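Values below: every heavy atom of this structure, side chains too, minus hydrogens, waters and symmetry copies. Not measured: the values here are computed from a predicted model.
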Amino acid sequence: MLICFVMMNSSVVKQTKKLGKKSIGEKLPGCFLVSHLLGSAKGIQTARMQLMLVWSLASAVMLVASGAGPPSAASLAHCPKTCGDVSIWYPFGIGPGCFRQGFEVTCNRTTKPWKLFLGKGNTTTQVTALYPAGTVLASFVYTITMAPGVATYNLSWESPGRNLNIESYNYFAFLGCGIGIYLFHLDTGELVGHCTSKCSSMEAMLIATQGGSCNGMGCCTVTFPVPFRGFRVSIVKNNDTVSEPFRDITVKAFLSFRPYKFSVMDLLSDKINASIVAASSAYLSTVIADEPNCKQAQLDNKTQYACGNSDCMDVKNGGYSCACSGNFDGGNPYLLDDCKQEYNLTPKTNCSRSCGSTHIPFPFGLEPGCFAKRRFQLNCASNRTLIGRPPAKYEVTNISLDEGLLYVNKLSESEDANTNYLSIYYGGSEYFGQQLIYGLEKSDLSEEYGSWSWSVANLTCESAKHDRTYACISTNSECLGVTHGTIYVGYCCKCSSGFEGNPYVQNGCTDIDECSIPNYCNGTCYNFQGSYGCCPQGINFDPVRRQCTSSKRQSVLLGIAVGISSGFGVLLLTLTAIILVKRWRTDTQKKIRRAYFRKNKGLLLEQLISSTESVTHNTRIFSLEELEKATNNFDSTRIIGHGGHGTVYKGILSDQRVVAIKRSKIVEQSEIDQFVNEVAILSQIIHRNVVKLFGCCLESEVPLLVYEFISNGTLHDLLHGNLSAKCLLTWEDRIRIALEAAGALSYLHSSAAMPIFHRDVKSTNILLDDAFTAKVSDFGASRSISIDQTRVVTAVQGTFGYLDPEYYYTGQLTEKSDVYSFGVILVELLTRKKPIFLNHLGEKQNLCHYFLQVLRDKTTTNLVDCQILEEASQSDVDEVTLIAEMCVRPKGEQRPKMKEVELRLQLLRSKISGTYKEEPKRGRKTKQLISSEYKSTYLTIMNKRAENDLVDNPASHVASRCYTMEQEMIYSTEFPR
């Protein structure tokens, strides 16, 4: 932008009058005209003031519009602050000089109320809320009308200026029938999510969707695994599996950060109704995309650096964002010096301390300088005291300093949205977290009225007393901790007992004169600082000892009373000593168990299980007596196996649940660390194909874990056990087990709250329940990592034959290490050979190397199990072989992710299921082979192979357990409890 100043004398001014203003604008386009009248001091001074004003305004416009460093709040005073009910915060803005480059928004004033949209002239992505920290709440709603003969529909969206990230906790909801949804990364084109929605009869749909669950019946969701700046969605339509009246209905899609309660009526509606629109808001975070990271932004061009005096944070997918550091007060990190505001210990005089009938004591206030921090600023509108800047939705009716409470009325029906507004405005999280000022209590008196706790700062009382801005400055005041449930959120102040007033101002706590309170003392009252004395008639008050003393000598009765009391006291002490001696042994035993509890890091696990929200509610800590009773004092007949990190017992709890109890082998710190690691991992996992952890016991010398009992042993037992047993894995069963195990590993890698690498994936760690459903177990060696990590350097741990060679040589554990181990399991399922087996020459050979060699020689027919050759088609075998070959490639970067492996197995299983004439029987009744002649031939071949395998592992002759849970309960009655 070019700004030109023209200084003119009186003669030029006369000439300009002839030209006229329009002519001057044509002669000097883009210039400002400032008259300079020579010979007039007043004219010279006026011209100079005009010049300075224009130059200041022009400089501010050029600074903001060009994307220079952060402006001040004063330079943006002329900018629009709201659009309808939405407040506008820089870097977003409307009009020249009011926004940072790439953050322009548009206000549509043709609607009632006005609506705010992202970008210039954009009317597709509506902004429902903006917050000072740069967070955007936007509405993404799509309606796709199904056209006859069209099978695929595409949606896409890209952030204006690529300055916004769709956060990973948002999800994409789709309403439709017979559709497959595929979510792709806009930049890489990689498939990152998939879901399907089908519709059966109306009666079945109503039953399946009771409670409003979006579970694939008329509605399905796809989550964003990482922050996105754009997306592409393909919707594939297939009406063959859709029954009336759900054919060719309109598909509806929307993004949301909150759960959506599904209704079949939403599905049948041609348009998106109000309930869906109310739920369709997604959180977007601000990204400064001018530079790739903070360091580069600070080095390359400091004039365009957006953070100024606030903290800079790198964004994982490129760019950076700004945040106020420490315990901030709702400031804007993208404005100059707007983040931090020191605690104001001395408010200015003549402050207004009331609004309507509400008294507003310090640290709260209305005007600048009258409140301690910005978080304590209230607003008075129409004699109503409101919280926060407009659009505030809560009215304060009373402020209690002694109780640390705000009593509020709700002014709006949209309670959830307003709670989120307060949370983000004051820098909190879902529960307002460490930055809490107003914590909404769950014990509200009603939906329209409630009490909110508040704190001065997120400090303990001990730390606050050493802080120079300690708020409890009044004499006779004290500090109290404030908690919200189990979360500590800071401290507040209170006048000491016997005093009243305001502890936040000098000499604000004054003595309470109890003697002036009617009927407070039934006798003679004596008031003193902080307390009082109330003496009956005839008894005087001792001001030194601060107690009532008798003026008459009636000590005989008092002595008798004291003597009797002393006698009873001695007798009571004697009886107490006898009881304590009898309980000494019991207490000693408890101390020993408590010592074991601390040694086994019980305090850490107890805190994890009791307070962490991600831990499943059914996880508990068992007592040693309960587990001893369940296992008949750990009788050796109850041993059902030996895991990689301990012995496993079968037990029956008092509630008749059959469980598996894992006991560590030895008392070493490394084993205890692996035990703690397994509890921490399993307690955060909820997945049908991961073994369920019921709890743990920490009172014994070695720690104990309590799992659900898995009745049919391991996949290793079933593949390599006695081949003459009646339970034979069909081709379809092997694909299903592989798919379930892959789904569990994919969940651990990409869907858990923290990515988890198993590190010991093998067939002995895949258990089969009474329905032969696969359950991944043994997480003693697993590692969880932060979301922004892809690998971690650890000591090499695993099982030979399954161990990733790249991990073995580099020590760098990645999710591709689990993929390699899973590929070995696929080869086991294909060949029915052990990872280390004896070849025809009697030499030990690695199954993975043998498999790759056979692939190179193109002789896979000799490698595949003969049962598979009878049951599976060549194309299906080739597909599994291809997946296995991809998984066991030497370099991790060449292997697929577990999500891709799961999708490939899912497609294969769908194909296999479609070729079977009968429904697959998951109850695991003994499968009847095609003919008795085939069975005889098959068992002869497999028994010969088993004889070779027994040389390598003599324990493999143990027969697989092929019975149901009902049989297990019958067998369990033979063992004493």
Side-chain angles (χ1 to χ4, degrees), residues 345-347 349-365 370-372 376 385 396-407 441 443 445 451-456 461-462 464-465 470-483 491-562 564-566 569:
L345 291 173
T346 55
T349 58
N350 301 324
C351 290
S352 175
R353 290 296 170 191
S354 64
C355 178
S357 60
T358 304
H359 176 62
I360 304 174
F362 187 80
F364 295 91
C370 295
F371 45 83
F376 294 107
T385 306
V396 178
T397 59
N398 187 27
I399 301 175
S400 173
L401 296 181
D402 288 340
E403 298 175 346
L405 295 176
L406 295 179
Y407 294 90
E441 297 289 344
S443 57
L445 303 179
S451 58
W452 295 6
S453 359
W454 53 273
S455 64
V456 176
C461 286
E462 190 64 27
K465 290 176 183 178
Y470 180 52
C472 308
I473 61 175
S474 175
T475 308
N476 301 314
S477 65
E478 57 189 37
C479 177
L480 295 177
V482 180
T483 58
Y491 78 96
C492 66
C493 305
K494 182 181 180 181
C495 290
S496 302
S497 178
F499 295 87
E500 63 182 356
N502 190 338
Y504 300 96
V505 297
Q506 288 287 352
N507 302 319
C509 294
T510 57
D511 175 57
I512 300 175
D513 185 4
E514 292 86 357
C515 296
S516 64
I517 304 175
N519 302 321
Y520 200 79
C521 173
N522 187 18
T524 304
C525 183
Y526 301 89
N527 183 67
F528 54 90
Q529 283 290 313
S531 188
Y532 73 103
C534 184
C535 301
Q537 295 294 334
I539 298 179
N540 297 325
F541 180 78
D542 185 351
V544 177
R545 301 171 60 186
R546 293 191 175 185
Q547 64 181 21
C548 299
T549 58
S550 175
S551 60
K552 299 180 180 180
R553 298 196 174 186
Q554 299 177 347
S555 58
V556 177
L557 293 177
L558 180 62
I560 294 174
V562 171
I564 294 174
S565 301
S566 300

Shortest non-hydrogen contact from [X] toward [Y]:
X	Y	value
Leu406	Val396	CD2-CG1, 4.4 Å
Ser531	Asn527	O-OD1, 3.5 Å
His359	Arg353	ND1-O, 3.2 Å
Cys472	Ser477	O-OG, 3.5 Å
Cys495	Glu500	SG-C, 3.7 Å
Gly508	Ser474	N-OG, 3.0 Å

Got a second to check how far [X]'s [atom1] is from [Y]'s [atom2], nearest 0.5 Å?
X	Y	atom1	atom2	value
Ser455	Leu480	OG	CG	12.0 Å
Phe528	Glu514	CZ	CD	8.0 Å
Ile473	Thr346	CD1	OG1	8.0 Å
Phe499	Thr475	CZ	OG1	9.0 Å
Gln529	Ile512	CD	CD1	11.0 Å
Trp452	Ile399	CH2	CD1	12.5 Å

Has [X] got a side-chain atom pairing as donor or acceptor with [Y]'s backbone, closer than 3.5 angstrom?
X	Y	result
Asp511	Gly530	yes
Tyr491	Ala471	yes
Tyr532	Cys515	no
Asn502	Phe362	yes
Ser400	Leu405	no

Under 2.5 Å between the sulfurs of Cys479 and Cys492, yes or no?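 No - the two cysteines, Cys479 and Cys492, have SG atoms at least 2.5 Å from each other.
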Taking the inter-plane angle between the rings of Phe376 and Phe364 on a 0 to 90° scale, is it parallel (under 30°), tilted (30 to 60°) or perpendicular (over 60°)?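 It falls in the perpendicular class, over 60°.
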